[in-house]
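Reading through the structure tokens given below for one structure.
Here is how names work: the chains are called A, B, and so on, in the same order as the sequence lines, proteins then strands, and each is numbered from 1. Since the model is a prediction, treat every value here as computed from it, not as a measurement.
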2 protein chains.
Amino acid sequence: MSIAVSIVEDDARVRASLARLIDGSAGYRCISNHSSAEDALREIPKFRPDVVLMDINLPGANGVECVRQLKPQLPGTQVIMLTVYQNTEHIFNALAAGATGYMLKQTPPPELLSAIKEVHAGGSPMSGHIARKIVQSFQNTAPLSAEAQSLSPREAEVLDLLAKGFLYKEIGEAMKVSYATVHTHIRHIYEKLHVRSRTEAVAKHLGQKQSRHEFAPRI
Amino acid sequence: MSIAVSIVEDDARVRASLARLIDGSAGYRCISNHSSAEDALREIPKFRPDVVLMDINLPGANGVECVRQLKPQLPGTQVIMLTVYQNTEHIFNALAAGATGYMLKQTPPPELLSAIKEVHAGGSPMSGHIARKIVQSFQNTAPLSAEAQSLSPREAEVLDLLAKGFLYKEIGEAMKVSYATVHTHIRHIYEKLHVRSRTEAVAKHLGQKQSRHEFAPRI
DNA sequence: ACCGGCATCCCCAGAACTGGCGATGGCAGA
DNA sequence: TCTGCCATCGCCAGTTCTGGGGATGCCGGT
């Protein structure tokens, strides 16, 4: 059975040439095309395509929002963003919204067809530099700050409990030490982290963990 | 100029067949091969290859650790993990350690060659299902808890400042309102989030952000 | 017109935290 | 051996939070 594809793209010429490409290739068929997000949201659920090619830059609502609303209705449908945007913000937003592929419009037709095939087979086709940017988001591992490194094991333990919102008394119970000891550990933590409150310390603590793979564009 | 490739793989037969594949293909040359992480760490910096194919399952130290130590010395060298492991933990660890590609050993030779070319051209080749798992890590967007949703704009603003460790007084100054107002907002935040301290609220807050794209394997 | 939610302000008391000042003992490195 | 770091404990004063109780005005929906 051929792969059923829907196209969402405002430029009529681009839309037509994509449709021609898909219908003209064995194993693919274009079952619908849409010039706006509104039209896509209304019509695509009826067609239940295997794959959607989605432009980001649509008149009115943008393609990312369109994916976000479409995907819950069509969990089996795979969406490939097809766009000129290479900035990480667009990429991450699109993927978070539910897209599984991200191709640049300049992609040659044969590669576009294999991207459709790949996404339908359970993969996530992405143009080379896009993939690299995504992978790099895993590598922005802020090396543990010297500050955090210098915490003793016991202090780190206290900080973990502190981050969970426990009171000094409760931390003491959990660690089988007195309130006074917890108090001392915490004073040392504050000195080492250069903070002056529990919340600042926790923010630094969670911030570290977080920055190991953050959502925000930082590439 | 052909692409210089080093191989790290403990199985002599696999190593030899990879070397044969690479040396037998125009545009590629295998400049070294290594049967252990220790050997690779010692020798590869001398060869300065363009691309390293790295097995994960090595005797002694594992491939991921090897990448972590190698990459800082050779920032221009791209590493492709070549392994049988498909679990997200291995994938994320490898990428965080500095690998830029991740291919399964079952990959057919022609695709392996194009993966080498792709990584050298600035891409991040990944086997289909691997790529999908990476993309899914962006989609595990815990839907904003109803609790967090119910915060009013002003309350959310307070929570943000709270998370940065500001005192009530400082929040008031930053928001141009009185201490009393901040106090009231915070009481409302605590009610809505079902917490009883600033730190718990912040942990919930940062936890949300964090879970939008977390490092830990959750697929 | 009324009710609910929001944003703004006020007072108060008790609990929790912050940051000084100690102290002891253990253990590892110079 | 002596010095430094760690973990454990103590006291005390001052500050900040927490959680009650109010209040006003605005706005939007029924």
Side-chain angles (χ1 to χ4, degrees), chain A residues 61 65 69 143-210, chain B residues 142-210:
Chain A
E65 258 320 303
Q69 291 176 48
L144 278 187
S145 71
E147 295 171 346
Q149 282 291 23
S150 71
L151 289 186
S152 76
R154 209 63 171 154
E155 286 160 359
E157 213 174 320
V158 171
L159 183 51
D160 250 331
L161 294 168
L162 214 44
K164 292 185 180 134
F166 290 110
L167 305 179
Y168 286 21
K169 194 177 56 175
E170 294 169 338
I171 294 174
E173 283 162 14
M175 293 177 58
K176 314 276 186 207
V177 297
S178 80
Y179 177 98
T181 304
V182 174
H183 184 189
T184 307
H185 282 315
I186 287 174
R187 275 182 298 148
H188 291 158
I189 292 170
Y190 290 178
E191 275 176 38
K192 289 182 181 177
L193 299 187
H194 306 298
V195 297
R196 42 187 56 257
S197 81
R198 172 198 189 100
T199 316
E200 275 185 278
V202 169
K204 242 181 193 184
H205 181 60
L206 295 180
Q208 286 279 337
K209 287 188 180 172
Q210 217 173 326
Chain B
L144 276 187
S145 68
E147 295 170 344
Q149 282 291 22
S150 71
L151 290 186
S152 77
R154 211 61 172 154
E155 287 160 357
E157 212 174 321
V158 171
L159 183 51
D160 251 331
L161 294 169
L162 215 44
K164 293 185 180 135
F166 290 112
L167 304 179
Y168 286 21
K169 195 177 54 173
E170 294 169 337
I171 295 174
E173 284 161 14
M175 292 177 59
K176 313 275 186 210
V177 297
S178 80
Y179 177 99
T181 305
V182 175
H183 184 189
T184 307
H185 282 314
I186 287 174
R187 274 184 298 154
H188 292 158
I189 292 170
Y190 290 177
E191 275 175 36
K192 289 183 180 177
L193 300 188
H194 306 298
V195 296
R196 43 188 57 256
S197 80
R198 171 200 192 102
T199 316
E200 275 185 277
V202 169
K204 240 181 192 182
H205 181 59
L206 294 180
Q208 286 278 339
K209 285 190 179 174
Q210 218 172 328

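A:Y168 has its OH atom 17 Å from the C1' atom of D:dT8, to the nearest Å. The separation between A:F166 atom CZ and D:dT18 atom C1' is 19 Å, rounded to whole Å. In this structure, B:K169 places its NZ atom 9 Å from P of D:dC17, rounding to the nearest Å. The nearest whole Å value for the distance from the CD1 atom in A:I189 to the P atom in D:dC6 is 12 Å. Separating the CZ atom of B:R198 from the P atom of D:dT18 is a distance of 7 Å, rounded to the nearest angstrom. One can place NZ of A:K176 at 13 Å from P of D:dC9, the figure rounded to the nearest angstrom. Atoms CG (B:L161) and P (D:dC17) sit 13 Å apart, rounded to a whole Å. To the nearest angstrom, C1' of D:dG19 lies 9 Å from CD of B:E191.
Looking at A:V158 and A:M175, their side chains come closer than 4.5 Å, going by heavy atoms from C-beta outward. Proximity of B:K192 to B:L151: side-chain heavy atoms (C-beta onward) are separated by under 4.5 Å at one or more points. Here the side chains of A:H185 and A:L159 are not in contact, with every heavy-atom distance at 4.5 Å or above. Taking 4.5 Å as the limit, every side-chain heavy atom of B:L162 sits out of range of all side-chain heavy atoms of A:T199. Annotation: side chain of A:L161 is not in contact with side chain of A:V182 (no heavy-atom distance under 4.5 Å).
First and last contacting nucleotides of DNA chain C toward chain A (any atom under 4.0 angstrom from a heavy atom, 5' to 3' order): C:dA16 to C:dC21.
Shown for residues 178-188 of chain B: residues whose heavy atoms fall under 4.0 angstrom of DNA chain C, namely B:S178, B:A180, B:T181, B:T184, B:H185, B:R187.
Minimum interatomic distance between A:G165 and B:E200 (heavy atoms only, all atoms of both residues): CA-CG, 3.7 Å. Summarising the geometry of B:K204 relative to B:L193, their closest heavy-atom pair is NZ-O, 2.9 Å, with the distance given to 0.1 Å. When every heavy atom of B:A201 is checked against every heavy atom of B:Y190, the shortest pair comes out as CB-CE2, 4.0 Å.
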side-chain hydrogen bond (donor to acceptor under 3.5 Å, both in side chains) between A:T184 and A:T181, intermediate numbers included:
CA-CA 5 Å; A:T184 307; A:T181 304; 5.9 Å; no

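Contact annotation: A:R154 side-chain N/O to D:dC6 OP1/OP2 distance is not under 4.0 Å.
When heavy atoms are screened at a 4.0 angstrom cut-off, A:Y190 is found touching the sugar-phosphate backbone but no base atom.
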